[in-house]
Amino acid sequence: MILLETKDYYKAAASITTVRINTLFARAVIEQKVQGKIYVDNPESPQTFYILHPYGMSLLFGKSNNEKFNQKFKNYVLNINEERCHDEWMQTYPNDWDIVLRNLFEQPELIMEFDVRVNFKFNEKKYVQTKQTFDSDNIRIHSTTENDFKEMVGTVIPSKFWKDSNDFVSNSIGISVYYDNRLASIAFAACIEGNTLELGIETNELYRGKHLAYKACSALLDYCLDNGFNPVWACRLENTGSYKLAQALGFEVSYQNPYYRLIQI
């Protein structure tokens, strides 16, 4: 398990096209849209990959019976060399990795929690037919600015997915919702690949329960429809708020895959 130099990130580009799950966040790392990390088995001709996005999402894919890589990955998960400083949410491909991981650790439940990642596809007809307005005199909506980028706090915010405010404004799109003239919610493109746009959403906890996330996402979906983007959504199965919001906006479950939380040790 060797850290790949950024000049060689292109070596992961061809292999990731074989992965049949949502890989937008990993592609963002490969294309250096964000400053992530790529670990491989062999920097000259890699066959096994571990891609880490700065937000904490990661993807383990490729050849799964590479014993030397697997042992180093085990040390990485156990943080033997103190390389990890926070939890990581890992997806794997193909399914062979599930068995490998269970056999690799004597007590896997002590260092990783199993979850399910739900991927949604957008049903435009359903969205248009069920779209809600939630009108309020206290709400103001506009495109996300550099100041909004810097001001928004929370877990799923633009600054976790884009290099800086200028990069975001130049290469992404966001919708900011103000409540009583205070920034309350932002829906934004966490990743863009071609015409596919993955939504991210965050609402300040002081303003939750006011349908602000719905309004922000709805405005962003309207932007997608007007500009030819295919919106996608993904979340943990346990994240009931995100799950229900996706359904309310016309998204439908397309597939589910294993999701591992690598616990910081």
Checklist entry - Going by an N to O cut-off under 4.0 Å, is there a salt bridge joining Arg261 and Glu238? => result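 No, Arg261 and Glu238 are not salt-bridged.
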Item to check | Lys72 bridged to Asp41 by N-O distance under 4.0 Å | outcome: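 Salt bridge: no.
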Next on the checklist: Working note: Val34 + Val29, criterion side chain to side chain contact (heavy atoms under 4.5 Å, CB included); need CA distance, chi angles, decisive distance, verdict.
Outcome noted: CA-CA 5 Å; Val34 293; Val29 174; 3.8 Å; yes
Item to check | Given Gln91, Arg117, Arg20, the one that forms side chain to side chain donor-acceptor pair (under 3.5 Å) with Asn257 | outcome: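 So the option named by the test is Gln91.
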Next on the checklist: Could you check whether Asn66 and Asn70, counting side-chain N and O atoms only, form a donor-acceptor pair closer than 3.5 Å?
Outcome noted: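 Not at all, the side chains of Asn70 and Asn66 share no donor-acceptor pair under 3.5 Å.
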Checklist entry - Between the side chains of Asn42 and Ser45, is a donor N or O closer than 3.5 angstrom to an acceptor N or O? => result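 Result is no, nothing qualifies.
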Checklist entry - Between Val77 and Leu59, is there a shared hydrophobic cluster once you connect ILVMFWY residues whose side-chain heavy atoms come closer than 4.5 Å? => result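 Val77 does not cluster with Leu59.
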Checklist entry - Is Phe69 reachable from Ile2 through a run of hydrophobic residues whose side-chain heavy atoms are each under 4.5 Å from the next? => result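 No.
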Specify whether [X] and [Y] have parallel, tilted or perpendicular ring planes, treating 30° as the upper limit for parallel and 60° as the lower limit for perpendicular.
X: Phe122; Y: Tyr127; answer: tilted
X: Phe61; Y: Phe49; answer: parallel
X: His53; Y: Phe25; answer: perpendicular
X: Phe229; Y: Tyr223; answer: parallel
X: Phe149; Y: Phe168; answer: tilted

Next on the checklist: Using side chain to side chain contact (heavy atoms under 4.5 Å, CB included), reason through Ile141 and Ile175 one step at a time and then give a plain yes or no.
Outcome noted: CA-CA 7 Å; Ile141 301 176; Ile175 302 296; 3.5 Å; yes
